[in-house]
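Right, one structure below, let's go through it.
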Amino acid sequence: MNDDPFVSHRSLLFTVSYELLGSAADAEDVVQETWLRWAALGGPVRADVRDPRAYLVRIVTRQALNRLRTLARRREEYVGEWLPEPLLTEMMLVSTSRPGSDPATD
C-alpha cells in the first residue's frame, strides 16, 4: 500500500471537489492542482503536516471555490434549474456494454 496521503485520500478529494463544482472535468482539474501544490511542498515540509487529510481537503476546497468564482464570472445566465452532470459509474458501464440492453430494465 502507498503511504502517500494524497493517494490514500484521492477519492475523498475528488468527491469534495465534485460536490462543490458539479462537473467531473472541473473536479479532476482541481484534484490535479491539489496534487501539484502537495508535491511542491517537498518531503520535509510534508512530514511536518500534522493532519495531511485535513490539509488536502482544505487545499481542494479552496481550489474548488476559486474555480467556482472564475466560472461564475464567465457563465451566462441560465434560466433553467441547475443540475450536476451525472457521473459514469461502473454499473452504467456494464449495462451499456451489452448490445441491446436497456439500463432502465436492468
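Numbering starts at 1 and runs along the sequence shown.
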Nearest-0.5 Å distance that lies between atom [atom1] in [X] and atom [atom2] in [Y]:
X	Y	atom1	atom2	result
E33	Q63	CD	CD	5.0 Å
L21	R67	CG	CZ	7.0 Å
T15	H9	OG1	NE2	13.0 Å
L13	Q32	CG	CD	11.0 Å
F6	L41	CZ	CG	12.0 Å
D26	L20	CG	CG	11.5 Å

What are the two closest heavy atoms between [X] and [Y], and how far apart are they?
X	Y	value
F14	A27	CE1-CB, 3.7 Å
V30	A64	CG1-N, 3.9 Å
P52	P5	CB-CB, 3.5 Å

Could you work out, with side chain to side chain donor-acceptor pair (under 3.5 Å) as the rule, every residue matching [X], not counting sequence neighbours?
X	answer
R62	none
R10	E28
W38	D4

